[in-house]
Trainee: 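One structure, pasted below without further comment.
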Amino acid sequence: MSEQRKKVVLAYSGGLDTSVAIKWIPEKYHMDVITVTIDLGAVKDLDAIREKALKIGAKKAIVIDAKDTFVKYFIFPALQAGALYEGVYPLATALGRPLIAKLLADVALEENADAVAHGCTGKGKWKMTRDEEIRYAEEHNIPVEAKIKSPYSTDENLWGRSIECGVLEDPWVEPPEEVYKWTKNAKDTPDEPEYIEIEFARGIPIAINDEEMDGVTLINMLNAWGGKHGVGRIDHLENRLVGIKSREIYESPAAVILHTAHKALEGMIMTKDALRFKDIISAQYADLIYNGLWFSAFHQDLVAYVLSNQRLMNGTIRMRLSKGTCTVVGRKSPLSLYNEKLATYQKEDTFDHSASLGFIKIYGLPVKIQAQKQMDILAGREALHLDSIMPPKVKSIHKSGGE
């Protein structure tokens with residue numbers, strides 16, 4: 001009686017790495033492969049991916065629709081947090097990974113599998129370069145899109161698309177137009193701008209142009225609108241956790257639009273100190289996601305702050321999409337701290353100007369006392385190399401009469 005073969009559950013995207021893995025794992029480890037394809041909203045034929053996995057050699061191919069879960073528990077919390085890695089990357093791929101890992105583990109338990117596997121090769125985890133993987137696929141009749149002449153590695157989900165490898169590895173080279181699939185070149189976009197209004201409740205977008213809709217529909221709509229106007233292209237040289245710098249190209253129309261709108265809404269509703277501190281939290285939150293620490297106690301602590309912070313973020317932002325840009329052109333909120341009567345320069349001004357004199361005296365008091373008490377030491381500015389920030393006196397220029 002032969003020993004029963006062990007099973008491995010493989011996170012399968014249909015791309016080069018995981019397609020090769022379906023054939024390579026049984027050869028290397030003599031294990032049966034069960035593929036799990038998670039639908040996070042990428043534009044793909046899921047039935048075709050399932051059939052491809054079975055054709056290559058998977059014993060079972062499972063497809064899970066996780067779009068709503070992805071939006072509710074990953075995308076929108078990251079939006080509320082203002083999570084942009086290094087202020088640029090909306091973390092589309094990084095946000096998908098913890099959900100994929102969770103669902104992969106769920107299937108492994110259901111199937112009584114002995115291991116899980118994924119296609120994140122870590123620059124040659126299988127001792128194969130990308131070109132070698134392509135040759136392996138050709139030798140074993142594994143259909144893959146990547147070719148040695150066009151070796152781009154891509155990842156897609158509802159929140160964005162990432163592209164790397166090939167000529168993109170030279171940071172001096174402008175990304176060729178062929179790498180973009182979701183967004184038009186600015187020169188090919190409509191001449192007339194498009195205006196949209198996005199309504200938020202507790203920092204979560206709930207409606208576009210007064211039409212309420214679910215998160216998946218809303219993001220898909222903004223991806224289409226933004227892509228049509230060339231919005232969402234990102235060329236980023238980012239710092240990876242392992243210590244290297246990596247050149248990445250991203251297409252994230254909806255993410256760029258929503259982060260821009262959300263930031264503008266916060267600017268209306270939050271105090272100056274709260275905004276400054278939120279920037280710190282946003283950076284920490286983005287680092288946490290990028291570094292793979294979604295399921296951590298630290299994340300729970302940050303979530304508690306973000307949820308408290310976002311409870312007042314209700315309002316509507318009007319955006320203009322035009323020639324590769326998205327610009328905030330209007331803001332309104334019932335909780336706005338902006339007071340037109342205090343801000344205006346017109347006769348409706350209600351600001352108490354007589355209070356300015358006392359404010360200026362008190363605000364300048366510490367500097368005045370320092371100047372009085374420490375003048376002798378401060379006068380020796382040359383010893384402290386202060387000439388670089390303290391300019392000399394400027395001579396007056398007097399003109400009299402005409403020329």
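Numbers for residues simply follow the sequence, beginning at 1. What you see is a predicted model; the values in this text were computed from it and never measured.
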Trainee: Can you confirm whether the side chains of D155 and S162 place a donor and an acceptor under 3.5 Å from each other?
Mentor: no
Trainee: So, do L16 and V20 sit near enough that their side-chain heavy atoms are less than 4.5 Å apart?
Mentor: yes
Trainee: Which atoms form the tightest heavy-atom contact between L321 and C326, and what is the distance?
Mentor: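 Residues L321 and C326, closest heavy atoms: CD2-CB, 3.6 Å.
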Trainee: Distance check, rounded to the nearest 0.5 Å: L302 atom CG versus I289 atom CD1?
Mentor: 9.5 Å
Trainee: Crowded around F295 CZ? As in, over 12 foreign heavy atoms under 6.0 Å?
Mentor: yes
Trainee: Just do the side-chain contact (heavy atoms from CB on, under 4.5 Å) check on V303 and L307 with the steps written out, would you?
Mentor: CA-CA 6 Å; V303 165; L307 290 177; 3.7 Å; yes
Trainee: If you measure from CD on E133 to CE on M128, what distance do you get to the nearest 0.5 Å?
Mentor: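 The distance works out to 5.0 Å.
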Trainee: With a 4.5 Å limit on heavy-atom distance, are the side chains of T37 and L46 in contact?
Mentor: yes
Trainee: Where do P366 and Y363 come nearest, in terms of heavy atoms and distance?
Mentor: CD-O, 3.5 Å
Trainee: Can you check whether T316 reaches I198 side chain to side chain, under 4.5 Å on heavy atoms?
Mentor: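 Answer no - side chains too far apart.
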Trainee: Taking the basic N atoms (NZ, or NE/NH1/NH2) and the acidic carboxylate oxygens, is any pair closer than 4.0 Å for K263 and D279?
Mentor: yes
Trainee: Counting distance only, does the side-chain N/O of R311 pair as donor-acceptor with the main-chain N or O of S308 below 3.5 Å?
Mentor: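 Flag set: sc R311 to bb S308 pair under 3.5 Å.
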Trainee: Okay, side chain of K52, backbone of G14: is any donor-acceptor separation there less than 3.5 Å?
Mentor: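 Indeed, once roles are kept as given, a pair shorter than 3.5 Å links the two residues.
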Trainee: Nearest heavy-atom pair of G226 and I257: which atoms, and what distance?
Mentor: CA-CD1, 3.9 Å
Trainee: Is the closest side-chain heavy-atom distance between M319 and T327 below 4.5 Å?
Mentor: no
Trainee: What distance do F200 atom CZ and L258 atom CG have between them, rounded to the nearest 0.5 Å?
Mentor: 5.5 Å
Trainee: Report yes if some heavy atom in the side chain of L158 is under 4.5 Å from a heavy atom in the side chain of V216; otherwise report no.
Mentor: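 Sidechains of V216 and L158: in contact.
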Trainee: Test K184 against E251 for salt bridge (Lys or Arg N to Asp or Glu O under 4.0 Å), laying out the working first.
Mentor: CA-CA 10 Å; K184 287 186 177 182; E251 290 185 285; over 6 Å; no
Trainee: Side chains of W225 and E194: closer than 4.5 Å at any heavy-atom pair?
Mentor: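 Side-chain contact under 4.5 Å: yes.
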Trainee: Counting N and O atoms only, with roles assigned by atom type, does the side chain of K23 sit under 3.5 Å from a partner on the main chain of I56, one being a donor and the other an acceptor?
Mentor: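 Present.
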Trainee: Checking side-chain polar atoms at under 3.5 Å, does S19 have a donor or acceptor matched by the opposite partner on Y12?
Mentor: yes
Trainee: Would you find a donor on one side and an acceptor on the other, under 3.5 Å apart, between the side chain of S282 and the backbone of K278?
Mentor: yes
Trainee: Which heavy-atom pair separates A117 from L104 by the least distance, and what is that distance?
Mentor: O-CD2, 3.8 Å
Trainee: So does R240 pair up with E86, basic N to acidic O under 4.0 Å?
Mentor: no
Trainee: Between T189 and G230, what is the shortest heavy-atom contact and its length?
Mentor: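 Scanning both residues, the minimum pair turns out to be CG2-N, 3.5 Å.
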Trainee: Has K102 got more than 12 heavy atoms of other residues, nucleotides or ligands less than 6.0 Å from its NZ?
Mentor: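 Result for NZ/K102: open.
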Trainee: Tell me whether R233 is salt-bridged to E177, with the criterion being a basic N under 4.0 Å from an acidic carboxylate O.
Mentor: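 Result for this pair is yes, salt bridge flagged.
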Trainee: For D188, is there any backbone N or O sitting under 3.5 Å from a side-chain donor or acceptor partner on N185?
Mentor: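 It does not hold such a pair.
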Trainee: Are more than 12 heavy atoms, taken from residues, nucleotides or ligands other than E192, located less than 6.0 Å from that residue's CD atom?
Mentor: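 Atom CD in E192 is not packed in, count stays at 12 or less.
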Trainee: Looking at S333, is its backbone amide N or carbonyl O close enough to the side chain of S336 to form a donor-acceptor pair, meaning the two atoms are under 3.5 Å apart?
Mentor: no
Trainee: Between E156 and K181, is the closest basic N to carboxylate O distance under 4.0 Å?
Mentor: no
Trainee: Can K60 and D32 be counted as an ion pair, charged N to O under 4.0 angstrom?
Mentor: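 No salt bridge links K60 with D32.
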Trainee: Once the angle between the rings of Y285 and H299 is folded into 0 to 90°, is it parallel (under 30°), tilted (30 to 60°) or perpendicular (over 60°)?
Mentor: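 Y285 and H299: perpendicular rings.
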Trainee: Hey, are the side chains of V36 and I38 touching, using non-hydrogen atoms and a 4.5 Å cut-off?
Mentor: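 Yes - at least one pair of side-chain heavy atoms lies under 4.5 Å apart.
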Trainee: Find the distance between CD (Q310) and CE (M270) and round it off to the nearest 0.5 Å.
Mentor: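 One finds 7.0 Å between CD of Q310 and CE of M270.
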Trainee: Does Y152 form a side-chain contact (heavy atoms from CB on, under 4.5 Å) with E178? I'd like the steps, not just the answer.
Mentor: CA-CA 10 Å; Y152 300 119; E178 66 182 3; 2.8 Å; yes
Trainee: Could K59 and E111 be called an ion pair, given the rule that one side-chain N must be under 4.0 Å from one carboxylate O?
Mentor: no
Trainee: Verify side-chain contact (heavy atoms from CB on, under 4.5 Å) between T260 and V328, making sure each step is shown before the conclusion.
Mentor: CA-CA 7 Å; T260 302; V328 174; 3.9 Å; yes
Trainee: Is it the case that the side chain of S252 and the backbone of A255 share a donor-acceptor pair, with hydrogens and angles ignored and the cut-off at 3.5 Å?
Mentor: no
Trainee: Nearest 0.5 Å, please: how far is CH2 in W24 from CG in D17?
Mentor: 11.5 Å
Trainee: Search all heavy atoms of L335 against all heavy atoms of I269 and return the closest pair with its distance.
Mentor: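 That would be O-CG2, 3.9 Å.
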Trainee: Does atom OH of Y305 have more than 12 heavy-atom neighbours from other groups under 6.0 Å away?
Mentor: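 Yes, OH of Y305 has more than 12 neighbouring heavy atoms, counting only those of other groups under 6.0 Å.
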Trainee: Between P190 and H229, is there a side-chain heavy-atom distance shorter than 4.5 Å?
Mentor: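 Of all side-chain heavy-atom pairs linking P190 with H229, at least one is under 4.5 Å.
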Trainee: Any chance the side chains of T217 and D214 put a donor and an acceptor closer than 3.5 Å?
Mentor: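 Short answer, yes.
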Trainee: Is any NZ, NE, NH1 or NH2 atom of the basic residue among R247 and D170 found under 4.0 Å from an Asp or Glu carboxylate oxygen of the other?
Mentor: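 No salt bridge links R247 with D170.
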Trainee: Evaluate the side-chain contact (heavy atoms from CB on, under 4.5 Å) criterion for residues E266 and N309: first the C-alpha distance (whole Å), next the side-chain angles of each, then the deciding distance (0.1 Å), finally the verdict.
Mentor: CA-CA 10 Å; E266 290 184 329; N309 173 272; 4.0 Å; yes
Trainee: So does N339 have more than 12 non-hydrogen atoms from other groups sitting under 6.0 Å from CG?
Mentor: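 Above 12, so yes.
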Trainee: Please round to the nearest 0.5 Å and tell me the distance separating atom CG of D114 and atom CZ of R5.
Mentor: 11.5 Å
Trainee: Show me, pair by pair, the donor-acceptor contacts under 3.5 angstrom made by side chains of residues 63-85, not counting sequence neighbours?
Mentor:
residue, atom, partner, partner atom, Å
D65, OD1, K67, N, 3.2
D65, OD1, K67, NZ, 3.0
D65, OD2, K67, NZ, 3.2
K67, NZ, D39, OD2, 3.0
Q80, NE2, R202, O, 2.7
Y85, OH, N239, O, 2.5

Trainee: Considering residues at least two apart in sequence or located in another chain, which fulfil the ring pair (Phe, Tyr, Trp, His ring centres under 6.0 Å) criterion with H259?
Mentor: none
